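Accompanying notes for the structure given below.
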Number of protein chains: 2
Amino acid sequence: MGKGAETRERLLSIAEAAILAKGFGATSIDELIAEAEITKSGFFYHFKDKTELARALVRRYLEQDEILLDNLFKRARELNEDPLHAFLIGLKLFAEMMADLPEGHPGCLVATICYQERLFDKDIHDLTRNGTLAWRKRFIELLNEISETYPPNDDVDMVEVADFISTIVEGGIIMSKALREPEKLAGQILLFRSYIKLLFNPRMF
Amino acid sequence: MGKGAETRERLLSIAEAAILAKGFGATSIDELIAEAEITKSGFFYHFKDKTELARALVRRYLEQDEILLDNLFKRARELNEDPLHAFLIGLKLFAEMMADLPEGHPGCLVATICYQERLFDKDIHDLTRNGTLAWRKRFIELLNEISETYPPNDDVDMVEVADFISTIVEGGIIMSKALREPEKLAGQILLFRSYIKLLFNPRMF
DNA sequence: CAAGTACAGTACCGTCGGTACAGTTTAATC
DNA sequence: GATTAAACTGTACCGACGGTACTGTACTTG
């Protein structure tokens, strides 16, 4: 990574932390450049305005997220080739990863942007929407594979179940923050795991 | 309601909508007074600063929320005196209420504040935390009553299950916004209902 | 050594949160 | 009918911030 790309990455990391803690509108460029130890000109060299910073931030966030989830569920599949058990293992790994964050989850950029919709243009909203649809696609594929072997015990739409995990992670982050209980997120992910167990349990009824 | 209280309420409603759409830091007092058609002096007559506006906003939000949930689950109990079935009816009523919001849920103030933590003092964070704990208390009581008659089919902590509904509502609001699918929230609440059905179903195993 | 990269420096504009304080309208109270 | 408090309006001002514009320069690379 060249010198320019390094400064850019540093700016993105500082901005992400600040925006997740204070919101986009309340995050000043002045504070970002103070922490990054560059000047305003330096900032505007990398991003032509605040909107472009936001765009770059979301893109980076979704890419990193994709890689993380890819690795996690690939590892889970290597530990057990049955799709249901692999998914349950993946969820446990995910919960453990969330539990290991000492200060709790720092927050999801998608959520921040949704809760400040008026500040962003269609471009950014399309990015977050496509990111969310990518989560849906990932989990639908896993769930469809599971339901081929294990018929579900309740008549539920698999798209809803696929979105359920995203809902619970987003909600769990908020509950962790609101309650000041960092472990809450992991606990809620494990409850989703409990639901999956009950939904696909072959010994039911 | 006197003239003063009326203006105050109008200000609070305008501020709530603006803050849920743009965030606290990005909401200017100037835009609030423009929409309320009063002057800056008028604003500072009612609230000594922006922080006091936030405090009043959260208090009002949690009070209204409490009343809404009280009525909803009281009505559900009147329709069926079995605690499990009453709860399932309550969840259906809740989902229907959320589905009836034409533009989707406008957002939860607790979530907004959690995602802009650095902007608020301990006072406000205590308010949101106590609000969340009130949700927990409400649902723990309902769940404990259910589990006396219906032993749960999985070994889960009832506190986690009580928080699960709050998690799903908070997450469902974000998913609705991110996907631009207002119905998503109701669908996710109904999935929680599906979980409750599976968890307490007496015909299991 | 020329050229681009990666910034620094300086100056300026309009907006915003907040303060201060004097003046005015309206409705209830004595 | 005068008094008084509530509910504002009007005006002026401050420092911080987002953003623009343009010039200058150290460092690196071909």
Side-chain angles (χ1 to χ4, degrees), chain A residues 1-58 60 109 112-113 116-121 123-124, chain B residues 1-58 60 109 112-113 116-121 123-124:
Chain A
M1 190 157 56
K3 196 191 166 203
E6 210 173 274
T7 306
R8 198 184 136 97
E9 279 300 304
R10 210 170 67 247
L11 268 172
L12 285 172
S13 294
I14 291 168
E16 185 172 317
I19 288 168
L20 287 174
K22 312 183 9 178
F24 186 71
T27 298
S28 74
I29 296 179
D30 280 9
E31 80 179 276
L32 300 180
I33 63 177
E35 204 179 327
E37 290 179 308
I38 57 165
T39 61
K40 220 172 200 179
S41 315
F43 177 88
F44 285 106
Y45 172 76
H46 289 287
F47 308 101
K48 79 167 208 278
D49 54 25
K50 228 182 158 189
T51 309
E52 205 182 279
L53 170 72
R55 243 194 302 274
L57 226 40
V58 179
R60 196 184 71 141
L109 262 188
T112 309
I113 286 165
Q116 287 151 10
E117 29 176 1
R118 287 274 120 75
L119 299 182
F120 303 100
D121 53 24
D123 226 66
I124 288 182
Chain B
M1 192 158 52
K3 196 192 166 203
E6 210 173 273
T7 307
R8 197 184 136 97
E9 279 299 305
R10 210 170 70 247
L11 268 172
L12 285 172
S13 294
I14 292 168
E16 186 174 316
I19 288 168
L20 287 174
K22 312 185 3 177
F24 186 71
T27 299
S28 73
I29 295 177
D30 279 9
E31 79 179 274
L32 300 180
I33 63 177
E35 205 178 327
E37 290 179 308
I38 57 165
T39 61
K40 216 173 203 179
S41 316
F43 177 88
F44 285 106
Y45 173 77
H46 288 288
F47 308 100
K48 79 169 209 277
D49 54 26
K50 229 182 158 189
T51 309
E52 204 181 280
L53 170 72
R55 241 195 303 275
L57 227 39
V58 179
R60 196 183 71 142
L109 262 188
T112 309
I113 286 165
Q116 288 152 16
E117 28 177 2
R118 286 275 121 74
L119 299 182
F120 304 99
D121 53 24
D123 226 65
I124 288 182

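Everything numeric here is computed off the predicted structure, so don't read it as measured data. Hydrogens, waters and symmetry mates play no part in the numbers below; they use all other heavy atoms, side chains included.
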Of all the choices, C:dG18, C:dG9, C:dA6, which nucleotide is nearest to the side chain of B:F44 once you look at every atom? C:dG18
Distance in angstrom units between [X] [atom1] and [N] [atom2], rounded:
{"X": "A:D30", "N": "C:dC16", "atom1": "CG", "atom2": "C1'", "answer": "14 Å"}
{"X": "A:E31", "N": "D:dG18", "atom1": "CD", "atom2": "P", "answer": "8 Å"}
{"X": "A:I33", "N": "C:dG9", "atom1": "CD1", "atom2": "P", "answer": "11 Å"}
{"X": "A:H46", "N": "C:dA6", "atom1": "NE2", "atom2": "P", "answer": "7 Å"}
{"X": "A:F43", "N": "D:dC17", "atom1": "CZ", "atom2": "P", "answer": "14 Å"}
{"X": "A:L119", "N": "D:dG18", "atom1": "CG", "atom2": "P", "answer": "13 Å"}
{"X": "A:D49", "N": "D:dG19", "atom1": "CG", "atom2": "P", "answer": "6 Å"}
{"X": "B:F47", "N": "C:dT19", "atom1": "CZ", "atom2": "P", "answer": "15 Å"}

Presence of A:S28 side-chain N/O under 4.0 Å of D:dA16 phosphate oxygens OP1/OP2: no
Less than 4.0 angstrom between a side-chain N/O of B:Y45 and OP1 or OP2 of D:dC8, yes or no? no
Spacing of B:T51 atom OG1 and B:I124 atom CD1 [to the nearest 0.5 Å]: 6.0 Å
Could you give the distance from CZ (B:R60) to CG (B:L109), rounded to the nearest 0.5 Å? 8.5 Å
Taking side chain as C-beta onward, heavy atoms only, is A:E16 less than 4.5 Å from A:L20? yes
So A:L11 and A:R8, do their side chains get closer than 4.5 Å, heavy atoms only? no
Can you find a donor-acceptor N/O pair under 3.5 angstrom joining the side chain of [X] to the base of [N]?
{"X": "A:K40", "N": "D:dG18", "result": "yes"}
{"X": "B:S41", "N": "D:dG10", "result": "yes"}
{"X": "A:K50", "N": "D:dG19", "result": "no"}

For B:T27, which contact category applies under a 4.0 Å heavy-atom criterion: base, sugar-phosphate, or nothing? sugar-phosphate
Within residues 27-50 of chain B or reaching into it, pairs that qualify as side chain to side chain donor-acceptor pair (under 3.5 Å) - sequence neighbours excluded: B:K22-B:E31
